[in-house]
Amino acid sequence: MKIASWNVNSVRARVHNIVEWLESEQPDVALLQELKSEDETFPYADFEKLGYKCEISGQKSWNGVAILSKHEIKDVIRKLPFDDSDEQARYIEATINGVRLASIYLPNGNPVDTEKYPYKLKWMDRLYKHAKNLIENEKMVVLGGDYNIIPTEQDCYDPSAWADDALFKIESRQKYRSLLNLGLTDAFRVKNDKAEQYSFWDYQRGAWPKNEGIRIDHFLLSAQATDCLENCYIDKGPRAKEKASDHTPIIIELNI
DNA sequence: ATGGTGGTTCTACCA
């Protein structure tokens with residue numbers, strides 16, 4: 001079972017790039033983030049003609065997450081629990097082939113001297129509580145998405161440049177580590193221990209040609225899912241295309 | 001220190 005996660009930075013601006021990649025790579029499941037689309041304007045037909053069913057949590061202008069699947073999608077939830085007042089479309093979860101899957105768009109948190117940073121940290125506390133419940137109640141758990149977290153110094157081109165950023169500040173990384181301490185595994189680091197392996201390059205400052213990127217798109221797997229992990233890799237191809245997203249897909253392959 | 005780019009939407013906001 002091949003599962004991809006990709007922050008597409010607008011599903012409508014990127015639909016041709018996404019279709020081209022899905023046709024080429026044929027993942028069973030694609031977890032998308034930053035749709036920047038409401039449900040009504042989501043390009044369902046473009047994906048359905050490739051054989052994908054689509055479940056989305058959309059929102060006007062910002063955020064928005066989706067699960068695309070060639071297989072039946074069951075038991076969908078569209079909100080991260082523990083705060084009913086949160087209107088931001090950043091979480092969708094469902095069961096496919098017996099695997100409980102989530103598409104996550106974790107808050108960025110910058111600037112850190114605004115309410116955005118405590119919102120990020122509180123969102124991570126909610127994710128922790130929910131992930132704990134998931135692990136206790138499900139065997140195969142796959143939490144993929146844009147975590148907006150640089151886990152370690154080897155996951156960015158210049159740690160000093162990120163020191164005071166919400167993606168790298170110690171509180172953010174501590175909460176990410178707490179997710180791992182629940183028993184979740186960063187699938188990428190099971191299969192790849194090299195530095196300079198990135199999933200995001202800023203549009204500015206020539207970050208892409210200079211490979212000044214960061215690794216912020218992750219798959220966290222339960223123990224049972226980790227034991228089924230055959231491969232995990234980042235596909236840099238889409239980042240080099242015309243009209244590219246600033247993120248590129250990360251893919252896992254599970255033997256189930 | 002600033003501005004560099006790109007998306008949504010129409011005036012800033014977000015990343």
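A, B, ... follow the sequence lines: proteins, then strands. Residue 1 opens every chain.
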Who does dA12(B) pair with, Watson-Crick or G-U, both distances under 3.5 Å?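 Matched dA12(B) with dT8(B) under the 3.5 Å cut-off.
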Rounding to an integer number of Å, can you tell me how far [X] [atom1] sits from [N] [atom2]?
X	N	atom1	atom2	answer
L35(A)	dG6(B)	CG	P	21 Å
Q33(A)	dG7(B)	CD	P	18 Å
K210(A)	dG4(B)	NZ	C1'	10 Å
K116(A)	dC13(B)	NZ	P	10 Å
I214(A)	dA15(B)	CD1	C1'	10 Å
F200(A)	dC14(B)	CZ	P	16 Å
D202(A)	dG7(B)	CG	C1'	13 Å
Q59(A)	dG7(B)	CD	P	19 Å

Of the candidate nucleotides [options], which contains the atom at the shortest distance from the side chain of [X]?
X	options	result
Q204(A)	dT8(B), dG4(B), dA15(B)	dG4(B)
K36(A)	dG4(B), dA15(B), dG7(B)	dG7(B)
R12(A)	dG7(B), dA15(B), dT8(B)	dT8(B)

Applying a 4.0 Å non-hydrogen cut-off, can you work out what Y105(A) is touching in the nucleic acid: base, sugar-phosphate, or nothing?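 Answer is sugar-phosphate: Y105(A) comes under 4.0 Å of backbone atoms only.
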Residues K122(A), D86(A): salt bridge by 4.0 Å N-O rule: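 Salt bridge: no.
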Measuring from atom OG1 of T248(A) to atom CH2 of W201(A), what distance do you get when rounded to the nearest 0.5 angstrom?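 These two atoms lie 5.5 Å from each other.
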Specify the residue among Q88(A) and A13(A) whose closest nucleotide of DNA chain B lies further upstream toward the 5′ end.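 With Q88(A) and A13(A) compared, the 5'-side residue is A13(A).
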Closest-nucleotide mapping onto DNA chain B: is S10(A) or R205(A) further toward the 5' terminus? I mean the 5' end.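 Its nearest nucleotide being more 5', the pick is R205(A).
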Rounding to an integer number of angstrom, what distance separates dA15(B) and dG4(B) when you compare their C1' atoms?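 Here dA15(B) and dG4(B) have their C1' atoms 14 Å from each other.
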Rounded P spacing from dC10(B) to dC14(B) in Å: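 Nearest-Å result for dC10(B) against dC14(B) at atom P: 14 Å.
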If we check side chain to side chain contact (heavy atoms under 4.5 Å, CB included) with Y147(A), which of these qualifies: L167(A), D186(A), L220(A)?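 The residue from L167(A), D186(A), L220(A) that satisfies side chain to side chain contact (heavy atoms under 4.5 Å, CB included) with Y147(A) turns out to be L220(A).
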Closer than 4.0 Å, any side-chain N/O of R14(A) to the OP1 or OP2 of dG6(B)?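 No, R14(A) has no side-chain N/O under 4.0 Å of OP1/OP2 on dG6(B).
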Ring-ring centroid check Y157(A) Y198(A), cutoff 6.0 Å: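 When the ring centroids of Y157(A) and Y198(A) are compared, they turn out to be at least 6.0 Å apart.
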For S178(A) and N181(A), run side-chain hydrogen bond (donor to acceptor under 3.5 Å, both in side chains): C-alpha distance rounded to whole Å, both residues' side-chain angles, the deciding distance at 0.1 Å, then the answer. CA-CA 5 Å; S178(A) 293; N181(A) 291 344; 4.9 Å; no
